[in-house]
Amino acid sequence: MAVLIGRDILSLADFSPTELQEILELAGQLKSQQLKLRCNKVLGLLFSKASTRTRVSFTVAMYQLGGQVIDLHPNVTQVSRGEPIQDTARVLDRYLDVLAIRTFAQEDLEIFANYAKIPVINALTDAEHPCQILADLLTIQECFGKLAGLTLTYVGDGNNVANSLLLGCALAGMNVRVATPKGFEPDAKIVEQARAIASGKTEVLLTHDPELAAKDASVLYTDVWASMGQEQEADDRMPIFQPYQISEQLLSLADQDAIVLHCLPAHRGEEITEEVIEGSHSRVWDQAENRLHAQKALLASILGAE
């Protein structure tokens, strides 16, 4: 259980391929109850963005490990009154054993981790969403019995989920294709990171053609077209993103055994149709459940649960 002990997880690039696979294996063992671990520690949740799955799954995971959770909503702390990040970090470091942060700027997360000695986990920033992708990879592995060699296609906005999928798939030995409208591509630096990790052994493809990306894919994945903080752009984005909807037509281009994933919340009729998200290829609800198991494994590994 010392795989990640004491480590910050700010990006999926913080994992080695071996560490990633070990976390997924541990998550599977915890989910099946082949393994039961205990960890009498305290987790803090400092969330500046709204959350359902991340907040609840982290909370339940820590309780199931035998620990405690403190919800540090900015509105009820001095963060809302402008206390500097480095001051808050050094204070919480004296109280907590681990801290999960959900915020806007990746830089704020990194400053926090720099000043806090306790492990800090990225529970979502505008740049990345590593915990989501751990659950995604666990779901894919459950469905296919493997990750290496599979092809995942993401269609839509090149957002934090797309960024982390690029890194996660490269680490797992999967081919990854990201189809976005022009001007909405993933972060160029993260694309280069993913290509460096893949080192030519697997495909890392960016395209503006959703049909090309979907052809023979094992996994089709999408997210909302306007993320948190971009709501005012939603109406303008709608016609631009319409060709990137996961519909029955796009699904028909994928492998016949392909699965469909969505990190939720979903806007039916926009990035995904009702028929697809409720259809036989959808694994969205398994994917949501796996947030609990993946994050429990992450916490157990970081905290050295026994």
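In what follows, residues are counted from 1 in the order of the sequence shown. All values below come from the heavy atoms of this structure, side chains included, with hydrogens, waters and symmetry mates left out.
- Residues passing the side-chain hydrogen bond (donor to acceptor under 3.5 Å, both in side chains) test with D71 are R55, sequence neighbours excluded.
- Note that NE2 of H262 is 10.0 Å distant from OG of S282, once rounded to the nearest 0.5 Å.
- When all heavy atoms of G158 and N163 are compared, the pair lying nearest together is O-OD1, 4.3 Å.
- Remark: D87 engages E83, P84, R90 in a side chain to side chain contact (heavy atoms under 4.5 Å, CB included) (not counting sequence neighbours).
- Within the 3.5 Å criterion, the main-chain N or O of H293 finds no donor-acceptor partner in the side chain of N290.
- Here the side chain of N160 pairs a donor or acceptor atom with the backbone of T125 at under 3.5 angstrom.
- Looking at residues two or more places apart in sequence or on another chain, you find a side chain to side chain contact (heavy atoms under 4.5 Å, CB included) between Q245 and W225, Q242, S247, T273.
- Checked by atom type, the side-chain pair T180/E185 shows no donor-acceptor distance below 3.5 Å.
- No side-chain donor-acceptor contact under 3.5 Å links D126 and Q106.
- Tracing side-chain contacts under 4.5 Å through hydrophobic residues (I, L, V, M, F, W, Y), one never reaches L152 starting from I246; they form parts of separate clusters.
- Put simply, the side chain of D14 gets close to the backbone of S11: a donor and an acceptor are under 3.5 Å apart.
- Taken from CG in L261 to CD in Q287, the straight-line distance is 4.5 Å, to the nearest 0.5 Å.
- When all heavy atoms of L150 and S218 are compared, the closest pair comes out as CD2-OG, 3.7 Å.
- Rounding to the nearest 0.5 Å gives a distance of 6.5 Å between CD1 of I133 and CG of L12.
- Nearest heavy-atom pair across L96 and G44 is CD1-CA, 3.8 Å.
- Partners of E275 according to the salt bridge (charged side-chain N to carboxylate O under 4.0 Å, His left out) rule, which considers only residues two or more places apart in sequence or in another chain, do not exist here.
- Applying the side-chain hydrogen bond (donor to acceptor under 3.5 Å, both in side chains) criterion to Q249, with sequence neighbours excluded, gives no partner residue.
- When the side chain to side chain contact (heavy atoms under 4.5 Å, CB included) test is applied to V56, the partners found at least two apart in sequence or on another chain are V60.
- F112 pairs in a side-chain contact (heavy atoms from CB on, under 4.5 Å) with only one of the listed residues (D8, I101, D93), which is I101.
- Minimum interatomic distance between L206 and R195 (heavy atoms only, all atoms of both residues): N-NH2, 4.3 Å.
- Of all non-hydrogen atoms in L124 and N122, the two that sit nearest each other are N-OD1, 2.7 Å.
- Residues satisfying the ring-ring contact (aromatic ring centres under 6.0 Å, His included) test with F184, not counting sequence neighbours, are F241.
- Looking at heavy atoms from C-beta onward, I259 lies in side-chain contact with V219 at the 4.5 angstrom threshold.
- For the pair V91/Q78, no side-chain contact is recorded, criterion being any heavy-atom separation below 4.5 Å from C-beta on.
- In summary, K189 and E192 do not engage in a salt bridge, as defined by a charged side-chain N under 4.0 Å from a carboxylate O.
- Here T54 pairs with F47, S51, F58, R102, A123, H129, R291 under the side chain to side chain contact (heavy atoms under 4.5 Å, CB included) rule; sequence neighbours left out.
- Applying the salt bridge (charged side-chain N to carboxylate O under 4.0 Å, His left out) rule to K31 yields the partners E142; only residues at least two apart in sequence or on another chain are considered.
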Notebook entry, point to check: Would V120 and L10 count as a side-chain contact (heavy atoms from CB on, under 4.5 Å) if you check the C-alpha gap in whole Å, the side-chain angles of each, and the deciding distance to 0.1 Å?
Noted result: CA-CA 7 Å; V120 173; L10 309 184; 4.1 Å; yes
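- One hydrophobic cluster, built from ILVMFWY side chains closer than 4.5 Å, cannot hold both L134 and W285; they sit in different ones.
- Partners of T103 under the side-chain hydrogen bond (donor to acceptor under 3.5 Å, both in side chains) rule, at least two apart in sequence or in another chain, do not exist in this structure.
- No hydrogens or angles considered: nothing links the side chains of T222 and E271 as a donor-acceptor pair under 3.5 Å.
- When side chains are defined from C-beta on, L250 does not count as touching V276, because their heavy atoms never get closer than 4.5 Å.
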Checklist line | CA sep, side-chain torsions, deciding dist, call: I121, Q295, side-chain contact (heavy atoms from CB on, under 4.5 Å) | finding: CA-CA 10 Å; I121 299 172; Q295 287 160 196; over 6 Å; no
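- L220 and M174 fall into different hydrophobic clusters, where Ile, Leu, Val, Met, Phe, Trp and Tyr residues are linked whenever their side-chain heavy atoms come under 4.5 Å apart, directly or through other members.
- For E278, the salt bridge (charged side-chain N to carboxylate O under 4.0 Å, His left out) test picks out R268, with sequence neighbours left out.
- At distances below 3.5 Å, not a single donor-acceptor pair connects side-chain atoms of Y244 with backbone N or O atoms of Y154.
- Between P265 and V224, the closest heavy-atom pair is O-CG1, 3.1 Å.
- E19 meets the salt bridge (charged side-chain N to carboxylate O under 4.0 Å, His left out) test with R7; sequence neighbours excluded.
- Between the side chain of N175 and the backbone N or O of T151, no donor-acceptor pair lies under 3.5 Å.
- Looking at L299 and C39, their side chains never come closer than 4.5 Å, going by heavy atoms from C-beta outward.
- Tracing side-chain contacts under 4.5 Å through hydrophobic residues (I, L, V, M, F, W, Y), one reaches V69 starting from L303; they form part of the same cluster.
- Taken to the nearest 0.5 Å, the CE atom of M62 stands 8.0 Å off from the CG atom of N40.
- Follow the hydrophobic side-chain contacts under 4.5 Å out from I197 and you reach L166 in the same cluster.
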Next item on the list: Applying side-chain contact (heavy atoms from CB on, under 4.5 Å), run through I277 and V260 and close with a yes or a no.
Entry: CA-CA 7 Å; I277 196 170; V260 175; over 6 Å; no
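- With values rounded to the nearest 0.5 angstrom, L43 atom CG is found 7.5 Å from L99 atom CG.
- Checking side-chain atoms of S164 against main-chain N and O of V161 turns up no donor-acceptor pair under 3.5 Å.
- Within the 3.5 Å criterion, the main-chain N or O of A297 finds no donor-acceptor partner in the side chain of S301.
- The shortest side-chain heavy-atom distance between H281 and L251 falls under the 4.5 Å cut-off.
- Annotation: the span from Q68 atom CD to L65 atom CG amounts to 11.5 Å, rounded to 0.5 Å.
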Next item on the list: Under the side-chain contact (heavy atoms from CB on, under 4.5 Å) rule, what do I9 and F15 come out as? Steps first, then yes or no, please.
Entry: CA-CA 8 Å; I9 298 297; F15 291 98; 3.8 Å; yes
